[in-house]
Amino acid sequence: MNQKKPVIGITMGDGAGVGPEIILKSLKNREIYDLCDPLVIGDSKILERAKSYVNSTLQIRTVTEDQLDQLAYEFGTVYCLDLNLLKADLPLGQVSAEAGHAAFEYLAKAIDLAKKQQIDAICTAPLNKEALHKGGHQYPGHTEILADLTNTSEFSMMLSAPNLKVIHVTTHVGLIDAVKMINPERVYRVIRLAHDTLTKSGIQNPRIAVCGINPHAGENGLFGYGEEEEKVVPGVKKAQEEGINVVGPLPADTLFFRTVRGDFDIVVAMYHDQGHGPVKVLGLDAGVNITVGLPIIRTSVDHGTAFDIAGKGIVEEKSMMEAIRQAVELAPKRQ
């Protein structure tokens with residue numbers, strides 16, 4: 001049987017940001033159509049408007065849900081499942097309840113399509129958290145929406161940049177709350193997610209390193225109040241007892257350098273900025289956010305809505321291109 005290209009659902013994100021631009025810039029590359037059938041889930045009129053920002057000659061074709069199974073995707077045409085939620089004159093670069101609500105609805109529709117196997121993976125353009133909240137959706141971000149709408153209790157954010165992968169024990173919470181939330185079972189489960197994800201991707205016996213919470217991983221009690229021994233070490237030992245190739249907790253200030261050097265395949269970070277900082281230094285334009293533990297594949301750009309440059313046509317599309325590539329790589333193979 002011939003293997004069919006996966007259908008990748010690309011959500012438009014916040015229409016007042018750079019999402020429409022990075023989508024158009026990415027879909028001008030024939031490589032994307034060689035790899036997959038890209039379906040944009042958003043508003044056609046916003047994509048049409050964005051064409052002028054990026055000097056695009058692509059044709060925007062509005063499609064309906066009942067047409068999806070019959071579409072013949074062709075390079076040069078952007079296929080948009082139009083939810084028709086935004087006005088054509090939506091102000092650029094501004095927080096908007098309408099745009100926040102629309103970004104939620106694009107993702108909700110993509111999740112529904114993935115559940116029905118009409119698309120094979122989801123790739124998300126950025127949304128704005130303040131706009132999302134103003135639009136009536138009280139989630140910290142994409143990841144938590146995906147978990148809620150797929151009834152997933154065990155998930156984590158994995159960031160990928162050149163030579164570095166990072167998975168997080170906690171993400172969108174304050175630092176004090178993050179330390180409270182870290183516990184041995186959560187540390188173990190994230191190590192397990194890292195191991196299973198990399199194994200499925202073809203890395204045999206992946207080398208996993210776990211960060212400490214405090215400077216120098218506590219340095220035997222010199223820093224902090226024994227958080228490493230209480231919260232991290234038991235989770236690492238449990239994973240080791242199951243045969244997982246994991247070490248830690250190790251000092252974060254040297255661990256990321258060692259991983260980029262090639263000592264480890266992935267780092268388990270304890271909180272948001274501990275993991276995000278090194279990834280963004282290495283690959284702000286090419287970093288990819290992957291939600292692991294979901295029943296569906298989801299990748300995303302690793303940058304925000306960039307309201308300050310929206311509509312200027314200068315945003316880089318490298319992260320979106322890489323996010324689409326990784327969605328294709330991880331998507332179930334169609335026969």
### Task
Indicate yes or no: does Arg30 engage Asp34 in a salt bridge with an N to O separation below 4.0 Å.
no
### Task
Please say which of Leu81, Ile324, Ile41 ends up in a side-chain contact (heavy atoms from CB on, under 4.5 Å) with Ile10.
Ile324
### Query
How about His195 and Thr199: do any of their side-chain heavy atoms sit closer than 4.5 Å?
yes
### Query
More than 12 foreign heavy atoms under 6.0 Å from CZ of Arg261: is that the case here?
yes
### Ionic contact status for Arg325 with Glu322, cut-off 4.0 Å
yes
### Query
For the rings on Tyr33 and Tyr73, is their centre-to-centre separation under 6.0 Å?
no
### Query
So do the side chains of His303 and Val18 get within less than 4.5 Å of each other, counting heavy atoms only?
yes
### Message
Could you report the tightest heavy-atom contact between Val315 and Lys25, atom names first, then the distance?
### Response
O-NZ, 2.8 Å
#### Entry: Main-chain N/O of Ala194 paired with Thr197 side-chain donor or acceptor, under 3.5 Å
no
### Query
Would you say the side-chain atoms of Asp43 and Tyr106 include a donor-acceptor pair closer than 3.5 Å?
yes
#### Entry: Residue pairs fulfilling salt bridge (charged side-chain N to carboxylate O under 4.0 Å, His left out) with at least one residue in residues 136-165, sequence neighbours excluded
Glu154-Arg186, Glu154-Arg189
### Message
Taking Ala327's backbone N and O only, do any of them form a donor-acceptor pair with Glu329's side chain (distance below 3.5 Å, no angle check)?
### Response
no
### Query
Can you find a heavy atom in the side chain of Ile266 that is under 4.5 Å from one in the side chain of Pro206?
no
### Message
Using modelled atom types and a 3.5 Å cut-off, is there a donor and acceptor pairing between side-chain atoms of Glu21 and backbone atoms of Ala310?
### Response
no
#### Entry: Shortest non-hydrogen contact from Ser319 toward Val301
OG-CA, 3.2 Å
### Message
Check whether Gln59 reaches the backbone of Gly76 with its side chain - one donor and one acceptor, N or O, closer than 3.5 Å.
### Response
no
### Message
Within the structure provided, determine whether Ile297 and Ile122 are in side-chain contact (heavy-atom separation under 4.5 Å).
### Response
no
### Task
Would you give the length of the straight line joining atom CG of Asn289 to atom NE2 of His276, rounded to the nearest 0.5 angstrom?
6.5 Å
### Query
What distance do Thr299 atom OG1 and Ile8 atom CD1 have between them, rounded to the nearest 0.5 Å?
7.5 Å
### Message
Salt bridge check, Lys238 against Glu241: does any charged N sit closer than 4.0 Å to a carboxylate O?
### Response
no
### Task
Step through it carefully: locate the ring centre of His216, locate the ring centre of Phe223, and say whether they are under 6.0 Å apart.
yes
### Task
Measure the CD-CG distance between Glu227 and Asn183 for me, rounded to the nearest 0.5 Å.
13.5 Å
#### Entry: Donor-acceptor side-chain pairing of Thr64 and Gln67 below 3.5 angstrom
yes
### Query
Can you tell me how far NZ of Lys109 sits from CG of Leu85, rounded to the nearest 0.5 angstrom?
10.5 Å
### Task
Start with the C-alpha gap between Glu65 and Lys116, add the side-chain angles, then the distance that decides, and say whether salt bridge (charged side-chain N to carboxylate O under 4.0 Å, His left out) holds.
CA-CA 12 Å; Glu65 197 167 335; Lys116 295 188 292 189; 2.7 Å; yes
### Hydrophobic cluster (4.5 angstrom, side-chain heavy atoms) - remaining members for Phe307
Val95
### Query
For Thr11 and Thr124, what are the C-alpha separation, side-chain angles and deciding distance, and is it a side chain to side chain donor-acceptor pair (under 3.5 Å)?
CA-CA 5 Å; Thr11 58; Thr124 57; 4.8 Å; no
### Query
Is any side-chain heavy atom of Arg298 less than 4.5 Å from a side-chain heavy atom of Ser300?
yes
### Query
Considering only heavy atoms from C-beta outward, does the side chain of Leu68 approach that of Leu113 to under 4.5 Å?
yes
### Within one Ile-Leu-Val-Met-Phe-Trp-Tyr cluster: Met270 and Met181, side-chain cutoff 4.5 Å
no
### Query
Where is the tightest heavy-atom contact between Ile22 and Pro126, given as atom of each residue plus distance?
CD1-CD, 4.0 Å
### Message
Working note: Lys87 + Glu98, criterion salt bridge (charged side-chain N to carboxylate O under 4.0 Å, His left out); need CA distance, chi angles, decisive distance, verdict.
### Response
CA-CA 9 Å; Lys87 296 177 181 178; Glu98 292 79 8; over 6 Å; no
### Message
For a quick test of reading the model, state the closest non-hydrogen atom pair linking Pro6 to Val328 and the distance between them.
### Response
CG-CG1, 4.0 Å
### Query
Do the side-chain N and O atoms of Thr77 and Arg61 include a donor-acceptor pair separated by under 3.5 angstrom?
no
### Any side-chain heavy-atom pair of Pro20 and Leu24 under 4.5 Å
no
### Query
Which heavy atom of Met320 sits nearest a heavy atom of Cys123, and at what distance?
SD-SG, 3.6 Å
### Query
When rounded to the nearest 0.5 angstrom, what is the spacing between CG in Leu149 and CD1 in Ile111?
4.5 Å
### Message
Checking Ala239 now: which residues fulfil side-chain contact (heavy atoms from CB on, under 4.5 Å) with it, not counting sequence neighbours?
### Response
Tyr188, Ile191, Ile244, Val246
#### Entry: Rounded distance (nearest 0.5 Å) linking atom CD1 of Ile145 with atom OG1 of Thr291
10.5 Å
### Message
Do Met321 and Ile314 land in one hydrophobic cluster if side-chain heavy atoms of ILVMFWY residues count as linked below 4.5 Å?
### Response
yes
### Message
For Tyr225, is the OH atom crowded, meaning more than 12 foreign heavy atoms sit under 6.0 Å from it?
### Response
no
### Query
Is any side-chain heavy atom of Leu39 closer than 4.5 Å to a side-chain heavy atom of Ile119?
yes
### Query
Looking at Leu255 and Leu250, what are the two nearest heavy atoms and their distance?
CD1-CD1, 4.0 Å
### Message
Main chain of Gly100, side chain of Glu130: is a donor-acceptor contact present, judged purely on distance under 3.5 Å?
### Response
no
### Query
With no hydrogens and no angle check, do the side chains of His168 and His272 hold a donor and an acceptor under 3.5 Å apart?
no
### Message
Is it the case that atom CD in Glu242 sees more than 12 heavy atoms from other parts of the structure closer than 6.0 Å?
### Response
yes
